[in-house]
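Take a look at the structure below.
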Amino acid sequence: AMPNAAPAPARADTTGRDEKPQPFDERLAQARKLADQGKRTEAVEASLKLASEAEQEGNRKGQERALRQAMDVGFDQAGVHMAWGRFWIARGDWTNAMTSFKQAVFLQRDFAEAHRQLADAAIRLEEYDAAVESLRQLIQLNPDSADALWNLAVLYDTKIKVVSRA
């Protein structure tokens with residue numbers, strides 16, 4: 001909404017409540033309406049945008065509601081699972097984050113950021129085989145990724161006992 005725009009006209013309240021719905025709730029309902037109209041991609045994008053805005057405003061409940069709506073509509077879209085993964089990381093839940101990133105990678109094999117996030121979560125959870133696999137996939141997608149190459153080397157050097165084949 002534009003800062004100087006006139007307020008939207010009030011709608012007839014059919015919910016039995018006297019107060020006007022909050023703009024967030026209205027926008028979430030508009031995103032749901034897009035889904036009901038068969039506009040799944042637009043609905044998911046609108047829901048994810050609302051989730052991001054809610055996160056920036058510190059509105060965790062709003063963020064979760066918007067993410068749930070995005071998942072309801074876009075369960076088959078890697079970006080939705082990435083958003084959930086970031087949601088879980090912000091709450092320190094690396095197990096659920098890893099599950100979300102795994103699903104994102106499953107849905108979109110060439111999603112480099114999903115591989116990076118999955119590797120990070122796997123390392124935190126000390127699931128080094130999963131981390132190595134994700135880093136290898138990331139390097140395959142981005143051969144010049146210095147971070148991925150470095151992280152893989154550090155993993156092999158410090159966490160995985162590899163017998164030298166010299």
Side-chain angles (χ1 to χ4, degrees), residues 24 27-28 30-166:
F24 180 87
R27 292 169 58 212
L28 197 58
Q30 289 168 353
R32 171 57 71 188
K33 201 175 286 184
L34 288 170
D36 295 343
Q37 296 167 353
K39 300 176 181 173
R40 290 181 64 233
T41 301
E42 294 92 334
V44 169
E45 287 173 1
S47 297
L48 290 177
K49 183 175 186 234
L50 279 169
S52 177
E53 290 173 11
E55 179 185 24
Q56 291 169 0
E57 295 167 3
N59 178 359
R60 288 181 163 203
K61 286 185 179 182
Q63 179 189 15
E64 187 170 354
R65 286 176 47 219
L67 284 173
R68 286 188 189 286
Q69 181 167 294
M71 182 65 82
D72 287 346
V73 178
F75 57 89
D76 59 346
Q77 296 183 29
V80 172
H81 294 276
M82 281 294 295
W84 270 106
R86 288 189 293 270
F87 173 86
W88 293 122
I89 285 175
R91 281 143 191 81
D93 186 340
W94 290 94
T95 302
N96 275 324
M98 186 167 165
T99 300
S100 295
F101 297 137
K102 278 183 181 178
Q103 188 63 25
V105 165
F106 174 77
L107 291 169
Q108 187 177 336
R109 296 268 180 227
D110 64 347
F111 198 163
E113 180 61 15
H115 285 288
R116 189 184 71 71
Q117 295 277 8
L118 177 54
D120 288 348
I123 289 168
R124 286 205 177 242
L125 294 170
E126 299 182 3
E127 294 192 24
Y128 301 122
D129 289 344
V132 166
E133 179 60 28
S134 281
L135 289 169
R136 284 181 175 166
Q137 291 292 325
L138 180 55
I139 291 165
Q140 198 169 11
L141 292 168
N142 296 327
D144 297 331
S145 174
D147 286 345
L149 290 163
W150 176 256
N151 288 337
L152 186 59
V154 168
L155 241 153
Y156 275 127
D157 189 46
T158 62
K159 303 295 182 188
I160 301 171
K161 304 302 175 215
V162 179
V163 177
S164 174
R165 295 192 178 127

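As the structure is a computational prediction, the values presented were derived from the model and not from experiment.
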Kindly compute the distance separating CZ (Phe75) from NE2 (His81), expressed to the nearest 0.5 Å.
8.5 Å

Distance (rounded to the nearest 0.5 Å) between Tyr156 OH and Leu135 CG:
9.0 Å

Look only at the side chain of Asp157 and the backbone of Ala153, and say whether a donor-acceptor pair between them is shorter than 3.5 Å.
no

Might you work through the side chain to side chain contact (heavy atoms under 4.5 Å, CB included) test for Asp129 and Glu127, ending with a clear yes or no?
CA-CA 6 Å; Asp129 289 344; Glu127 294 192 24; over 6 Å; no

Phe111: which residues meet the ring pair (Phe, Tyr, Trp, His ring centres under 6.0 Å) condition with it, sequence neighbours left out?
none

Heavy atoms only: give me the nearest Trp94-Ala121 pair and the separation to one decimal.
CE3-CA, 3.7 Å

Between atom CG of Asp93 and atom CH2 of Trp84, what is the distance when rounded to the nearest 0.5 Å?
11.0 Å

Using the rule given for side chain to side chain contact (heavy atoms under 4.5 Å, CB included), can you reason through Glu53 versus Arg27, listing the C-alpha separation, both sets of side-chain angles and the distance that settles it, and then say yes or no?
CA-CA 12 Å; Glu53 290 173 11; Arg27 292 169 58 212; 2.6 Å; yes

Spacing of OG belonging to Ser134 relative to CD1 belonging to Ile139, to within rounding of 0.5 Å
11.0 Å

Between atom CD1 of Ile89 and atom OG of Ser100, what is the distance when rounded to the nearest 0.5 Å?
9.0 Å

Restricting to non-hydrogen atoms, name the atom on Leu107 and the atom on Ala78 that form the minimum distance, rounded to 0.1 Å.
CD1-N, 4.0 Å

Below 4.5 Å, heavy atoms only, C-beta onward: do Leu28 and Gln69 meet side chain to side chain?
yes

Does Glu45 pair with Lys49 as a salt bridge, N-O distance under 4.0 Å?
no

State whether Arg40 and Asp76 are salt-bridged, where the test is any N-O pair (Lys NZ or Arg NE/NH1/NH2 against Asp/Glu carboxylate O) under 4.0 Å.
yes

Using only atom types and a distance under 3.5 Å, with no angle test, would you say the side chain of Gln137 pairs donor to acceptor with the backbone of His115?
no

Which heavy atom of Ala112 sits nearest to which heavy atom of Asn142, and what is that distance?
CB-ND2, 3.5 Å

Within-4.5 Å side-chain heavy-atom neighbours: Asp72 and Arg32
yes

Could you report the tightest heavy-atom contact between Leu138 and Ala148, atom names first, then the distance?
CD2-CB, 3.6 Å

Nearest atoms (heavy-atom pairs only) where Ala66 meets Phe24:
CB-CZ, 4.2 Å

Quick one, Lys39 and Lys33 - any side-chain contact, counting heavy atoms below 4.5 Å?
no

Backbone of Leu48 reached by a side-chain donor or acceptor of Ser52 within 3.5 Å
no

Could you name each residue pair satisfying salt bridge (charged side-chain N to carboxylate O under 4.0 Å, His left out) that touches residues 100-117, not counting sequence neighbours?
Glu113-Arg116, Arg116-Asp120

What pair of heavy atoms forms the shortest contact from Ala46 to Leu34, and how long is it?
CB-CD1, 4.4 Å

Start with the C-alpha distance between Leu152 and Arg136, add both sets of side-chain angles, then the distance that settles side chain to side chain contact (heavy atoms under 4.5 Å, CB included), and finish with yes or no.
CA-CA 8 Å; Leu152 186 59; Arg136 284 181 175 166; 4.3 Å; yes

Using 0.5 Å steps for rounding, measure from the CE atom of Met82 to the CD atom of Gln103.
13.0 Å

